[in-house]
Every structure is written in structure tokens, then in C-alpha cells.
Amino acid sequence: MLDIKLIREQGERVHTQLNRRGPGTSKALDQLVEIDARRRDALNKSQTLKNKKKTLSAEVGKLKKQGQNADALMAEVKQINAETDECDGKAGDLEAQVRSTLLNIPNIPSDSTPEGTDESQNREVRKWGEKPAIDFTPKNHLELGESLGLLDLKRAAKISGSRFAVFKGQGAALLRALVQFMLNTQTRENGYEELYPPVLVNEDSLIGTGQLPKFEEDLFKLRDDKLYLIPTAEVPVTNYHRDEILPEESLPVKYAAYTLCFRREAGSYGKDTQGIIRQHQFDKVELVKFVKPEHSYDELEKLVTDAESILQKLKLHYRVVSLCAGDLGFSAAKTYDLEVWLPSQNTYREISSCSNFTDYQARRAMIRYKSKDGGKSELVHTLNGSGLAAGRLFVAVLENFQQADGSIRIPEPLQPYLGGLEVISS
RNA sequence: GGAGAGGUGGCCGAGCGGUUGAAGGCGCACGCUUGGAAAGCGUGUGUAGGCUUAUACCCUACCGAGGGUUCGAAUCCCUCCCUCUCCGCCA
């Protein structure tokens with residue numbers, strides 16, 4: 001949520017910056033300032049009336065105590081009440097309008113976010129490692145997974161439908177090893193505290209991080225309870241500190257959380273239908289940080305480095321991409337994607353997305369910090385990034401470490417998690 | 001799911017229709033005291049919104065949430081949520 005004061009005072013700038021996401025993005029701002037002015041007007045009237053009412057009511061109390069008649073005053077207060085109700089109603093309606101408008105306006109892109117309208121204009125920041133030397137026609141992860149008995153999508157479709165997978169045998173063990181390896185790295189080497197949160201969350205949490213009210217159709221919702229399945233651990237972990245004031249000296253607060261994630265993938269029909277790249281249910285280790293505003297962009301760089309450390313340890317070739325304004329997520333001010341090399345597709349595919357949300361989520365979720373030497377509490381900046389998506393990492397391992405005979409070489413750091421297993425073969 | 005108890009400031013805990021944003025205590029901050037510390041004494045110590053150059057004053061709201069009764073509600077009534085205890089069920 002953007003600051004209404006900022007919109008009030010620097011409307012032109014906000015318009016310009018929002019429209020970097022695409023023409024017309026700032027349209028919702030148009031009437032906002034005027035509605036807000038009317039809101040404050042009604043509020044002021046109501047408050048003046050309430051003040052008068054309070055004084056008179058106290059008078060009534062005094063008179064009654066002295067056994068005197070207070071009928072005239074009581075009638076007057078009744079009259080004021082009618083007016084107050086009207087003002088309150090008006091102010092309430094206007095406030096609801098302002099809030100719902102604000103909830104549907106995305107974050108302002110950072111100055112360092114590149115210009116551009118879509119994915120094709122994202123800017124490559126750096127590359128790491130090299131493409132694997134494969135001197136045969138590489139198989140894709142589905143062929144490899146099925147022939148080695150690691151994946152069973154046919155039966156998954158029978159059990160649940162399309163975009164679901166069963167990981168089997170050494171495939172299931174490999175997925176588990178990847179999760180374990182990522183969690184250990186992030187908690188033991190990169191300084192994150194582990195959290196294992198619920199995957200069902202309430203509406204307030206989803207409003208807090210920005211999935212609601214605008215993106216309800218992307219979420220799985222329970223029929224009989226007001227709960228949703230999380231699309232990412234960002235939701236429960238960021239909301240862990242919703243409505244809290246954190247002590248300044250605790251910042252930055254850093255959490256790593258492994259959860260299942262659930263996405264309806266509405267509107268992605270026909271995209272990545274083969275294999276397990278795009279699933280309704282997938283595993284992910286998420287990194288979330290709460291930081292002081294002045295550090296958030298430095299913290300974003302570190303967050304990216306922490307996510308990269310997993311790929312580097314596994315010696316997987318990847319590149320870092322800075323998303324352009326048009327490709328930026330709703331709540332983000334700046335985002336780096338990590339894209340891992342997939343030999344079968346001869347391209348880089350997203351495996352992590354690391355974002356700085358500045359104070360946008362913090363304002364929605366009311367997450368603040370207060371310095372030890374008093375002063376006003378201020379909104380924190382929130383960040384998060386995948387560290388990493390386990391299903392896609394599974395794909396990358398299969399494809400990049402495949403050998404001519406169809407077997408998979410297990411990267412050394414993973415071997416301890418698989419009882420010393422060095423190769424998966426049929 | 002059934003029965004009962006309860007949700008008040010950072011914490012504990014009073015208040016149960018009238019100057020109560022809320023007694024008292026603890027904690028915390030600052031000051032005095034001290035060689036230093038403790039104790040003691042004093043002062044201060046919530047959030048949001050409005051107004052404002054102002055994180056000064058002033059005003060409004062907030063005692064789980066939302067409604068209602070009343071001139072007036074933390075206090076009375078209704079609905080919902082959450083916590084605890086017992087029973088049932090269950091991993």
C-alpha cells in the first residue's frame with residue numbers, strides 16, 4: 001500500500017513512477033486525492049461534534065448528581081448525535097473507498113529498476129559458471145525422471161489432475177535432500193533462523209503481503225473455512241510480524257522457511273505443460289527479511305547472494321536478471337530473478353525471485369520498528385526471495401548432471417544427504 | 001463437536017454506567033543520591049487518525065473484533081474470533 005500522504009503531496013511524481021509499469025497504471029490515483037479530501041472534511045466535522053457532545057454529556061452527569069433537571073441538555077446531545085452519525089457514515093464510506101483503491105495500486109518501482117514493458121526487456125546483470133559440456137542430445141527432466149523411476153506424472157494425474165507430480169524412490173529422496181541441503185546452508189552459513197509455518201492462512205495475511213484483494217483467482221481457497229492455501233511462504237513468514245513493532249536492535253530479522261506452495265495457475269494454460277516446471281503444488285525454501293529502510297537495497301543484494309550460494313555449491317550455471325518495470329510483481333519495488341540453465345530447453349529458467357518490497361507490505365501489514373532512544377515508530381522494509389524452488393532445482397540437477405547412458409551424477413554436496421549416493425541409474 | 005472460565009497498556013492486575021487513556025505494581029528511560037552499584041526518592045513511559053512548519057500543543061478514536069441500548073459504556077445486551085480447563089474424537 002502506498003502512503004496516502006505521499007500521493008497527496010507528490011501526486012505528479014507518483015503518477016510518473018507508477019506508469020513505468022505500463023500505461024494507465026496510475027489511473028486509480030485520479031480521484032483518490034479528492035475523495036481523501038472529502039474524507040478528511042467529514043472526519044473533521046464529526047470530531048468537532050463529538051467534542052461538543054462529550055462536554056455536554058459530562059454536564060448532564062454533573063447536573064444529575066446534584067439532582068437537577070438535565071432534559072434540555074440531553075435533548076441537545078441527541079440532536080448532535082444525529083449529525084455525528086451522518087458525518088461518521090460519510091467519513092466511513094469515503095475511508096473504505098480510499099483504502100480499497102490503495103489496496104489495488106501496486107508498489108512504485110525503484111529508480112534502479114530498468115525501463116521496459118515485458119520480460120524481454122529484463123536486464124541481465126551477471127552470469128555464473130558455464131553450461132555443462134554435454135556431447136549428446138540432452139534429455140529433458142521428464143524423460144530422465146520417468147526412465148529412472150523418479151517421477152510419475154501419469155498416476156499423479158489420476159490421483160489429483162494435471163500439474164501434479166509423484167516423486168518416487170530416489171526421486172523423492174533427492175527432492176528431500178535438496179530441501180534439507182538448502183535449509184542447512186541458509187540457516188548454518190547465511191544466518192537465517194528457520195521457521196516452519198502453517199500453509200493455510202487467513203485473509204488478513206494475504207492482504208498484508210499483497211495477494212489479496214487483487215489476485216484471488218490465483219489462490220486455492222477452502223470451501224468451508226475462510227482459509228487459503230499459501231502460494232509462497234512469504235505470506236505466513238512476513239505476516240509472522242504483522243501488527244508488531246520490532247526493536248531496532250533486532251534488525252535485520254532473517255528467516256528461512258521450507259513449505260509447500262500452492263498455485264492455481266489460472267491463465268497459464270498451455271504454459272510449461274510438460275514436466276514439473278509449473279505445478280499446482282511445489283516445495284520451496286523461502287528467505288524473508290525485515291530491515292531498516294536505509295539498508296533495504298543492500299540487503300536485497302545480500303539476499304540474492306544467499307540464494308545464489310545454493311546454485312554455486314551445486315555448480316549449476318545460472319544468470320541474474322533485473323526485472324524491468326513492466327515485469328515487476330505487484331508489491332515489489334525491485335526484483336532480481338535467478339535463472340538456471342536447462343540444457344533440454346537450451347535456455348535459462350527462473351528458479352528464484354528476490355525482491356525488495358520497501359514499505360509497501362509493511363504498511364499493509366503494519367510492521368514497524370522503534371529505536372531504543374524513543375521517537376516515533378517507523379515502517380520496516382520487507383524483502384523475500386526463493387532460496388530456492390526445490391522442484392525446479394530438481395529439474396536443473398537432473399538435466400545438468402545427466403550422462404550419456406541416461407544416469408544422473410549427484411553433485412558432491414548432496415551426497416551426504418543421500419547416504420553417499422554418487423549416481424542415480426536405472 | 002459438548003460443557004465451563006476468560007480476553008484491560010511491554011508484563012501483572014484493578015475497575016463493572018458518569019472529568020478512566022484507564023488505579024496499583026513490575027519493567028523500562030531520565031534525574032537525584034553513591035567512590036561505584038543496589039536500595040531509596042522524583043519525573044516520564046501506548047497506538048492510530050485529524051490539525052500543524054512541527055515527532056510541540058490541541059482534538060478524535062482505541063480496554064479481543066463488529067453491532068446495539070443510553071444524554072453518557074472498559075463497564076449492560078447481541079454476534080463473531082481467540083485462549084484456557086474438562087469431556088468426546090484424533091496423528
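Proteins come first, then strands; the chains are lettered A, B, ... in the order of their sequence lines, and each starts at number 1. Note that these values count all heavy atoms, side chains included, but never hydrogens, waters or copies made by symmetry.
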Pick out the pairs of N or O atoms, protein on one side and nucleotides 70-72 of chain B on the other, that lie under 3.5 Å.
| residue | atom | partner | partner atom | Å |
| --- | --- | --- | --- | --- |
| B:C71 | OP2 | A:K78 | NZ | 3.4 |
| B:C71 | O3' | A:N81 | ND2 | 3.4 |
| B:C71 | O2' | A:S57 | OG | 3.0 |
| B:G72 | OP1 | A:N81 | ND2 | 2.9 |
| B:G72 | O4' | A:S57 | OG | 3.3 |

What pairs of nitrogen or oxygen atoms, one from the protein and one from nucleotides 58-64 of chain B, lie under 3.5 Å apart?
| residue | atom | partner | partner atom | Å |
| --- | --- | --- | --- | --- |
| B:C59 | O3' | A:N51 | ND2 | 2.8 |
| B:U60 | OP1 | A:N51 | ND2 | 2.6 |
| B:A61 | OP2 | A:K54 | NZ | 3.2 |

Quick test: give all pairs of protein nitrogen or oxygen and nucleotides 76-84 of chain B nitrogen or oxygen below 3.5 Å, distance rounded to 0.1 Å.
none

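When the P atom is used for both B:U19 and B:C62, the distance is 15 Å, rounded to whole Å. Rounded to the nearest Å, the gap between the C1' atom of B:A39 and that of B:C26 is 16 Å. Here the separation of B:G13 from B:G88, taken at their P atoms, is 31 Å to the nearest Å. Nucleotides B:C80 and B:G27, compared at atom P, are 42 Å apart to the nearest Å. On the P atoms, B:U83 is 33 Å away from B:G24, given to the nearest whole Å. Taking atom C1' in both B:G44 and B:C63, the straight-line distance is 22 Å, to the nearest Å. Between B:G66 and B:G9, the distance separating the two P atoms is 15 Å to the nearest Å. Look at the P atom in both B:A23 and B:A37: the space between them is 31 Å, to the nearest Å.
The side chain to side chain contact (heavy atoms under 4.5 Å, CB included) test with A:V288 singles out one residue from A:T232, A:L383, A:V237, and that residue is A:V237.
We find that NZ of A:K45 is positioned 16 Å from C1' of B:C51, with the value rounded to whole Å. We find that CG of A:D88 is positioned 18 Å from P of B:G49, with the value rounded to whole Å. Between the P atom of B:A48 and the CG atom of A:D3 lies a distance of 13 Å, rounded to the nearest Å. In this structure, the CG atom of A:D243 is 16 Å from the C1' atom of B:G9, given to the nearest Å. Taking atom CG on A:L94 and atom C1' on B:G49, their separation rounds to 15 Å, with Å as the unit. In this entry the distance linking CD of A:E95 with P of B:A48 reads 15 Å, nearest Å. Atom pair A:R363:CZ and B:A48:P shows a separation of 12 Å (rounding to whole Å applied). Look at CZ on A:R39: it is 9 Å from P on B:G49, rounded to the nearest Å.
At the phosphate of B:C51, OP1 or OP2 sits under 4.0 Å from a side-chain N or O atom of A:R40. Not one side-chain nitrogen or oxygen of A:R368 sits closer than 4.0 Å to the OP1 or OP2 atom of B:U47.
Both A:K62 and A:N44 lie near RNA chain B, and the one whose nearest nucleotide falls closer to the 5' end is A:K62.
In this structure, A:Y255 has its ring center closer than 6.0 angstrom to the ring center of A:H241.
Applying the side-chain hydrogen bond (donor to acceptor under 3.5 Å, both in side chains) test to A:N19 and every residue at least two apart in sequence or in another chain returns A:S26. Considering only residues two or more places apart in sequence or on other chains, A:I245 meets the side chain to side chain contact (heavy atoms under 4.5 Å, CB included) condition with A:R368, A:K370, A:S377. For A:K53, the side-chain hydrogen bond (donor to acceptor under 3.5 Å, both in side chains) partners two or more places apart in sequence, or in a different chain, are A:N81.
Contact between A:A266 and A:E217 at its shortest, heavy atoms only, is CB-O, 3.7 Å.
Using a 4.0 Å cut-off between charged nitrogen and carboxylate oxygen, A:R263 and A:D218 do not count as a salt-bridge pair.
Residue pairs meeting the ring-ring contact (aromatic ring centres under 6.0 Å, His included) criterion with at least one partner in residues 194-216 of chain A, sequence neighbours excluded, are A:F215-A:F330. Within the structure, every pair that satisfies the side chain to side chain donor-acceptor pair (under 3.5 Å) test and touches residues 412-426 of chain A, not counting sequence neighbours, is listed here: A:N184-A:Y417. Among residues at least two apart or in separate chains, ring-ring contact (aromatic ring centres under 6.0 Å, His included) pairs with a member in residues 156-175 of chain A are A:F164-A:H280, A:F167-A:F394. For residues 269-285 of chain A, the set of pairs meeting the salt bridge (charged side-chain N to carboxylate O under 4.0 Å, His left out) definition, not counting sequence neighbours, comprises A:E265-A:R278, A:D272-A:R278, A:D272-A:R349, A:K284-A:E286.
The shortest distance between side-chain heavy atoms of A:V397 and A:P411 falls below 4.5 Å. The shortest distance between side-chain heavy atoms of A:L338 and A:E308 falls below 4.5 Å.
In RNA chain B, consecutive stretches of 3 or more Watson-Crick or G-U wobble pairs with both distances under 3.5 Å are given as paired ranges: B:1-7 with B:81-87, B:10-12 with B:24-26, B:27-32 with B:40-45, B:46-50 with B:58-62, B:64-68 with B:76-80.
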### Message
The test is salt bridge (Lys or Arg N to Asp or Glu O under 4.0 Å); show your working for A:E95 and A:R99 and say whether it passes.
### Response
CA-CA 6 Å; A:E95 185 173 351; A:R99 183 171 166 79; over 6 Å; no
Pairs of donor and acceptor atoms involving the side chains of residues 140-149 of chain A, under 3.5 Å and at least two apart or interchain, shall be tabulated with distances.
| residue | atom | partner | partner atom | Å |
| --- | --- | --- | --- | --- |
| A:N140 | OD1 | A:L142 | N | 2.9 |
| A:N140 | OD1 | A:E143 | N | 2.8 |
| A:H141 | ND1 | A:E399 | OE2 | 3.3 |
| A:H141 | NE2 | A:I276 | N | 2.9 |
| A:E143 | OE1 | A:N140 | N | 2.8 |
| A:S147 | OG | A:E143 | O | 3.0 |
| A:S147 | OG | A:L144 | O | 3.1 |

